[in-house]
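Just so you know, ligand 1 is whichever comes first in the structure, and atom 1 is the first atom listed for that ligand. Computed from a predicted model, the values in this text were never measured in an experiment.
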Amino acid sequence: MKDRIHNFSAGPAVLPLAVVEKVRENLVNYEGSGLGVMEMSHRGPLFETIIGEAEACLRRLLQLDNTFAVLFATGGATNQFSMVPMNLLLPGMVGDYIITGTWAEKAYAEAKKFGEVAVAASSEAERFRSIPKEFRLSPRSAYLHFTSNNTIVGSQFRHEPDANGTPLICDASSDFLHKPLAMSRYGLVYAGAQKNLGPAGVTIVIIRRDLLERCPEQLPIMLDYRTYTNHGSLYNTPPTFPIYVTGAVLQWIEALGGLEEMERRNNEKAALLYARLDRSDFYRSVVDPSDRSVMNVTFRIHDHALEDKFLVEAQARGLDGLQGHRSVGGMRASIYNAFPREGVVALIEFMDDFEQRFG
Ligand code: PMP
């Protein structure tokens, strides 16, 4: 078997090796119980402990009090594009959306099906290369929705927008838990696990409990937030394995020092890579410097014709998954929480070498 290589995939993405190794053992025999972790009942005491500890760890990391509920859902972030308006966009009110990329556009388009929506701000005219600094709330705003990190173009909000009393809703799929979050400023945060948190298959939703009063009657059972809050995410069979692995990643974050330490590591990795990009004109970052993502570092080579060669050579050196999203091209290095600093250093060494030969 090949050794593990540097995995720059945007998601599903690299997981901490220590977690993957622990999972491997527990796949066969979970903590000496004699049962494999994928093979146990979601109603049994072992899984109850697994889901309970995952939630408790998340609550400690984010310092969440009981005004918030934590849900483990399925259907990815995309399902939240629908659930948010279905549950929270009351008739007579307006869902406000900040449009900063493809995912925000998709959330907005989905909400349109369920009620009145408005664009609070958009950076589409700049091809999403910046984050809008100002936005407009509707007088009857139901909530303000934004995408904290734009996985495709590689831009990120430095601070959450000030929603001025209207509930702030965040799609944090590609930067959840990359740094401490002031949860008191949010009404709802959701994130598919498969980038910064765990394997594909589970979506974390954190919702301020008072917002549940908005949920209309007669929603399909699995699309109603109250089904999750009333049953501890165990109304039906939840994605037990992804929840287990996510819990293990949360414990890994906590053991390393929590979200402050994640922030320190992530800033360091991103700073190294952006410093390399800015060192010459050979490589170019396309995002406004103040809005660059610390999770998805996108770049081009000034001569686009060299990009295929760059990707082929990178791959041969064990630097995998660097191709940009198919809608924008170029390169994208996804360096989420679990991505090691050594991988960034290896990429920079390769970039230096490639520039020397072709620059
Ligand atoms: N939002 C963002 C910011 C994303 O990056 C993605 C996936 N790349 C999605 C939503 C869609 O997530 P899912 O595939 O879990 O539905």
Nearest non-hydrogen protein atom, [atom]:
{"atom": "atom 3 (C) of ligand 1", "value": "Thr151 OG1, 3.4 Å"}
{"atom": "atom 1 (N) of ligand 1", "value": "Asp171 OD2, 2.6 Å"}
{"atom": "atom 11 (C) of ligand 1", "value": "Trp103 CZ3, 3.5 Å"}
{"atom": "atom 8 (N) of ligand 1", "value": "Lys195 NZ, 2.9 Å"}

To the nearest 0.5 Å, what is the distance between CD1 on Ile152 and OG1 on Thr102?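 Ile152 CD1 to Thr102 OG1: 4.0 Å, rounded to 0.5 Å.
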Going by the order shown, which atoms of ligand 1 are within less than 4.0 Å of some heavy atom of Asn149?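 Going through ligand 1 atom by atom, the ones under 4.0 Å from Asn149 are 3 (C).
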Looking at Phe81, which atoms of ligand 1 are within less than 4.0 Å of one of its heavy atoms?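 The list of qualifying atoms is 10 (C).
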Determine whether Pro132 and Thr100 make a side-chain contact, defined as any pair of heavy atoms from C-beta on separated by less than 4.5 Å.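 Yes; the side chains approach each other to less than 4.5 Å.
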Cut-off 3.5 Å, side chains only: do [X] and [Y] have a donor facing an acceptor?
{"X": "Ser155", "Y": "Asn150", "answer": "yes"}
{"X": "Arg209", "Y": "Asn66", "answer": "yes"}
{"X": "Glu355", "Y": "Ser280", "answer": "yes"}

Output yes when the distance from some N or O of ligand 1 to some N or O of [X] is under 3.5 Å, and no in every other case.
{"X": "Gln194", "answer": "yes"}
{"X": "Asn79", "answer": "no"}
{"X": "Thr147", "answer": "no"}
{"X": "Thr78", "answer": "yes"}
{"X": "Gly76", "answer": "no"}

Option whose closest heavy atom lies nearest to atom 13 (P) of ligand 1, chosen from Ala77, Gly75, Ser148: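 Closest candidate by heavy-atom distance is Ala77.
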Can you tell which part of Lys106 has a heavy atom less than 4.0 Å from ligand 1: side chain, backbone, both or neither?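 For Lys106, there is no contact with ligand 1 at all, from either part.
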Just let me know how Phe176 lines up against ligand 1, side chain, backbone, both or neither, with a heavy-atom cut-off below 4.0 Å.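 None of Phe176 does.
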Report the relative orientation of the aromatic rings in Tyr190 and His145; use parallel for angles under 30°, tilted for 30 to 60°, perpendicular for over 60°.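 Plane angle between 30° and 60°, so tilted.
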For residues 43-58, please give each side-chain donor-acceptor pair under 3.5 Å, one per line with the distance, not counting sequence neighbours.
from: Arg43; atom 1: NH1; to: Leu234; atom 2: O; distance (Å): 2.7
from: Arg43; atom 1: NH2; to: Leu234; atom 2: O; distance (Å): 2.9
from: Arg43; atom 1: NH2; to: Tyr235; atom 2: O; distance (Å): 3.3
from: Thr49; atom 1: OG1; to: Pro45; atom 2: O; distance (Å): 2.9
from: Glu55; atom 1: OE2; to: Arg59; atom 2: NE; distance (Å): 2.9
from: Glu55; atom 1: OE2; to: Arg59; atom 2: NH2; distance (Å): 3.2

Using the ring-ring contact (aromatic ring centres under 6.0 Å, His included) criterion, which residues pair with Phe339? Sequence neighbours excluded.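 By the ring-ring contact (aromatic ring centres under 6.0 Å, His included) rule, Phe339 matches Phe8.
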Could you check whether any side-chain N or O of Thr227 sits under 3.5 Å from a backbone N or O of Ile221, counting only pairs where one atom can act as donor and the other as acceptor?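 Side chain of Thr227 to backbone of Ile221, a donor-acceptor pair under 3.5 Å: yes, one is there.
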